[in-house]
Amino acid sequence: MSNYIIFLFSIFMCFSIQSNSQVILKTIVDSRSSSNIIVNLINDVRANNGLQKLTEIQALNNAAEYHGKYLYKLLPYFNSKNDFANFMKKLIDGTPQGHFENVDVKDHKEILKPTGRAALFTKGDTLVAECAQVLFSYNKISKNDTQKIFENYMNSIDHKEILMLKSMLKSVDRDGTKNFVTIKEIGSTTLEVEFENSNEFKFMYVNVILVR
């Protein structure tokens, strides 16, 4: 039933949000150095908590980038960054709406859930957990901005719980036995997006992390 509700919501949003021509994308840079720093910081915290360090793999990087592109392409459909942020905070089945690609944006093939996006690039298990974050600035991304992204994750109970996962529930047998999969891998992207004529900001940093 819940999937059916999401589908109806998706159709409604496709016809109710119009692109705002006042916000124009100028350049997009994939900041691998920022992504690598964040992954290393996460692994340091995991090690300090007795958890296995995660191996970064390109397939998950690609899946993270796919959703990152959706998030920055979505911004011009709103009148302000606050409208965009409020939209992201709305919940679908208890999950922030920003994790669902449920708006028909130009030049992007929407895939509703993180598991579906992971399936595009990964072989085998596509069970993933996702974190996403957007920051706005007047300046190009710096080490301080990268540190801020990491700290924001660590200061959020829900995000930190995902990044510190030891295992995830994969299935439940008929007899009630729960089957878990060990978390071993991570993917991350940090996109630096520059806008041509926004009065509120000049740059947007989009970071997406997937673990499995």
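Fair warning: this is a prediction, and the values are worked out from it, not measured in the lab. For the numbers below, each heavy atom of this structure counts, side chains included, while hydrogens, waters and symmetry mates do not. Residue numbers run from 1 in the order of the sequence given.
Between F203 and I141, the closest side-chain pair of non-hydrogen atoms is not below 4.5 Å. Side-chain contact between F100 and T95 is present, with heavy atoms from C-beta onward closer than 4.5 Å. Residues Y70 and L74 are in side-chain contact: their nearest non-hydrogen atoms beyond the backbone lie under 4.5 Å apart. Side-chain contact between K89 and Q97 is absent, with no heavy-atom pair separated by less than 4.5 Å. Looking at heavy atoms from C-beta onward, L210 lies out of side-chain contact with I186 at the 4.5 angstrom threshold. Side-chain contact between C131 and V208: absent, with no pair of heavy atoms (C-beta onward) separated by less than 4.5 Å. For the pair L71/L191, no side-chain contact is recorded, criterion being any heavy-atom separation below 4.5 Å from C-beta on. Here the side chains of Y66 and R117 are in contact, with some heavy-atom distance below 4.5 Å.
Closest of all the heavy-atom pairs between K170 and L127 is CA-CD2, 4.0 Å. Here the closest heavy-atom approach between residue A63 and residue A118 is recorded as CB-CA, 4.0 Å. Summarising the geometry of V45 relative to F150, their closest heavy-atom pair is CG2-CZ, 3.6 Å, with the distance given to 0.1 Å. In this structure, M154 and L163 approach most closely via the heavy-atom pair CE-CD1, 3.8 Å. N79 and E200 make their closest contact through O-OE1, 4.4 Å (heavy atoms, listed as atom of the first residue, atom of the second, distance). Closest of all the heavy-atom pairs between D104 and Y77 is O-OH, 4.0 Å.
In terms of the side-chain hydrogen bond (donor to acceptor under 3.5 Å, both in side chains) criterion, N43 has no residue partners (sequence neighbours excluded). Annotation: side-chain hydrogen bond (donor to acceptor under 3.5 Å, both in side chains) contacts of T146 (sequence neighbours excluded): S34.
Here L165 contributes atom CG and Q52 contributes atom CD; the two are 12.5 Å apart, rounded to the nearest 0.5 Å. Distance check, rounded to the nearest 0.5 Å: NE2 of H159 to CD1 of I149 gives 12.0 Å. With values rounded to the nearest 0.5 angstrom, K202 atom NZ is found 6.0 Å from K26 atom NZ. Put simply, CG on N48 and CE on M164 are 9.5 Å apart, with the number rounded to the nearest 0.5 Å. Between atom CD1 of residue I38 and atom NZ of residue K148 there is a gap of 13.0 Å, rounded to the nearest 0.5 Å. Separating the CG atom in L25 from the CG atom in L75 is a distance of 7.5 Å, to the nearest 0.5 Å.
The ring of F201 has its center closer than 6.0 angstrom to the ring center of F195.
Not one N or O on the side chain of K73 forms a donor-acceptor pair closer than 3.5 Å with the backbone of K106. Panel note: side chain N40, backbone I37; no donor-acceptor pair is recorded below 3.5 Å. Y153 places no side-chain N or O within 3.5 Å of a backbone atom of D158 that could act as its donor or acceptor partner. The main-chain N or O of T189 is never found under 3.5 Å from a side-chain atom of N61 such that the two would form a donor-acceptor pair. Put simply, the side chain of D175 gets close to the backbone of T177: a donor and an acceptor are under 3.5 Å apart.
M88 and I111 fall into different hydrophobic clusters, where Ile, Leu, Val, Met, Phe, Trp and Tyr side chains are chained together by heavy-atom contacts under 4.5 Å. Hydrophobic clustering of Ile, Leu, Val, Met, Phe, Trp and Tyr side chains at less than 4.5 Å, counting indirect connections, unites Y72 with V134. M168 and I57 are members of different hydrophobic clusters when ILVMFWY side chains are connected at heavy-atom separations under 4.5 Å. Placement of L54 and F180 in two distinct hydrophobic clusters is found when ILVMFWY residues are connected by side-chain heavy-atom separations under 4.5 Å, directly or transitively. No path of Ile, Leu, Val, Met, Phe, Trp and Tyr side chains, each step under 4.5 Å between heavy atoms, connects V128 with L112, placing them in separate hydrophobic clusters.
Residues T190 and S35 bring a donor and an acceptor atom of their side chains to less than 3.5 Å of each other. Donor-acceptor pairing under 3.5 Å is lacking for the side chains of N207 and Q133.
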(request) Apply the test side-chain contact (heavy atoms from CB on, under 4.5 Å) to residues E65 and D30: give CA-CA distance (whole Å), side-chain angles for both, the deciding distance (0.1 Å), then the verdict. (result) CA-CA 8 Å; E65 182 182 2; D30 186 354; 4.0 Å; yes
(request) Would you sort out whether N36 and S33 count as a side-chain hydrogen bond (donor to acceptor under 3.5 Å, both in side chains), showing the intermediate values? (result) CA-CA 5 Å; N36 292 340; S33 60; over 6 Å; no
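By the 30° and 60° cut-offs, the orientation of the rings of F136 relative to F84 is perpendicular.
Between E185 and R212 there is a salt bridge, since a side-chain N of the basic residue sits under 4.0 Å from a carboxylate O of the acidic one. Note on K113 versus E130: no salt bridge recorded, every NZ/NE/NH1/NH2 to OD/OE distance being 4.0 Å or above.
The environment of CD1 in I157 is sparse: at most 12 heavy-atom neighbours from other residues, nucleotides or ligands sit within 6.0 Å.
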